[in-house]
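Written below as structure tokens is the structure these notes are about.
Every number for a ligand or one of its atoms is a count from 1 in the order of the listing.
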Amino acid sequence: QKQGFDWFMRKEIFEQPKAVADTLLGRLNERGELVLDELRMSPELLRRVNKIVIVACGTAFYAGLVAKYAIEHWTRIPCEVELASEFRYRDPIIDPMTLVVTISQSGETADTLMAIRHAREQQAKVIAICNTNGATIPRESDAVIYTHAGPEIGVASTKGFTTQLVACYLLGLYLAQVRGMKYGDEIAALLAELERMPAALQQLLDERQGVLELAEQLKDATSVLFLGRHVGYPVALEGALKLKELAYIHAEGFAAGELKHGPIALVSQDLPIFVVVPPRGRDQLRDKVISNIAEVRARGAKTIVLGDADDDQARAHAEVFIPLPKVSTLVQPLLAILPLQLFACELATLKGHDVDQPRNLAKSVTVE
Ligand code: F6R
């Protein structure tokens, strides 16, 4: 069943080109427009939405954090992202004009399910992004966009995350299309870019050797930091989560701009710090991240930098550089996460951990 892989997780990391391609399949018509028939929500209703609230847990929550940047940029609809376990306990402001989007690989997460029930009691419409046909969460939602990742068996979510990102992008672009936003050309360009992602993910898998060697070098690390800005920030959070849950190493993700507000005190000689550098085009943002790398390097940190393959400046600041295929900023998380997943999987393997069944964790969390 593992088809020659040592772990389901590794197999699932390698399945991402196909999982992403399958999630994109059949979403474009011959005129190059996005079709999301399964949404079964009228364009009129979607035009009336005045707020989006994304609710999810863990890795799915981080996919939601990425989605917020994309959805707000493309649709100009305010979008909040909330941990499902917090949502209903704080009397959230939702009404029939609120679109609640839940993200869940398993479709059975109790916290997320309870959030849906609460939202529907307030007459909000709920769209579920889910990987499991007929699970409780899609059954209790108004509509569902299925990710087509295939079964995810490893406890740590990998292809679940990347396909959730794809589904969120599709939803954001669809809302922009339905609402006649002025980003016509940008939408077409982004859809074309998404179509190229399976090949880009395959390229990252083919070039994995550097990441595997890095895991060998860092297997005795006791703490690892991850930094990013903008959509690179949730990537940093997800990279840290993977390492915590699989390698049982203290790992934290920070917004790089927050370094000077506290976390820089953690930086010491030889501390490994992963930094996600945005692609060119967002130069202001990119320059800031590059100066953050210089700051931590000056304090002796070991910098592992993920950036555009042709970004010589980012490369020059890196002790180890992980080149990413060229992509636009909002889509970069889809690629940047793969080396981090592989790094955590490899490092946990080297430590002799059970990668598919990390201690204290279950695949679907059906208690609140
Ligand atoms: C981390 C992980 C968890 C899940 C979370 C939500 O690798 O797998 O953080 O993402 O428990 O699960 P779902 O998506 O099934 O609702």
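Given atom 2 (C) of ligand 1, the protein heavy atom at minimum distance is T59 OG1, 3.8 Å. Scanning the protein heavy atoms around atom 11 (O) of ligand 1, the nearest turns out to be V365 CG2, 4.3 Å.
Atoms of ligand 1 lying under 4.0 Å from at least one heavy atom of E245, given by number and element, are 1 (C), 7 (O). Close approach to A156 involves these atoms of ligand 1, each under 4.0 Å from a residue heavy atom: 7 (O). Atoms of ligand 1 lying under 4.0 Å from any heavy atom of A60, numbered from 1 in the order shown and given with element: 10 (O), 14 (O). Those atoms of ligand 1 that come under 4.0 Å of a heavy atom in K242, given as number and element, are 1 (C), 7 (O). Listed by atom number, the atoms of ligand 1 under 4.0 Å from G58 heavy atoms are 9 (O).
Under the 4.0 angstrom criterion for non-hydrogen atoms, V155 is in contact with ligand 1. Heavy-atom distances between S364 and ligand 1 stay at or above 4.0 Å for every pair.
When the side chain to side chain contact (heavy atoms under 4.5 Å, CB included) test is applied to A119, the partners found at least two apart in sequence or on another chain are F87, I94, V100, A124, V126.
Between S157 and ligand 1, a contact under 3.5 Å exists for at least one N or O pair. By the 3.5 Å distance cut-off applied to N or O atoms, K363 is not counted among the residues near ligand 1.
Side-chain atoms of Q341 and E12 form no donor-acceptor pair, as typed in the model, at a separation below 3.5 Å.
Taking the six-membered ring where the residue is Trp, F274 and F226 present parallel rings, their angle staying beneath 30° rather than reaching 60°.
Counting heavy atoms under 4.0 Å from ligand 1, residue E108 does not touch it at all.
For the pair H148 and T163, the minimum side-chain heavy-atom distance is 4.5 Å or more.
Comment: K242 engages E238 in a salt bridge, judged by a side-chain N to carboxylate O separation of less than 4.0 angstrom.
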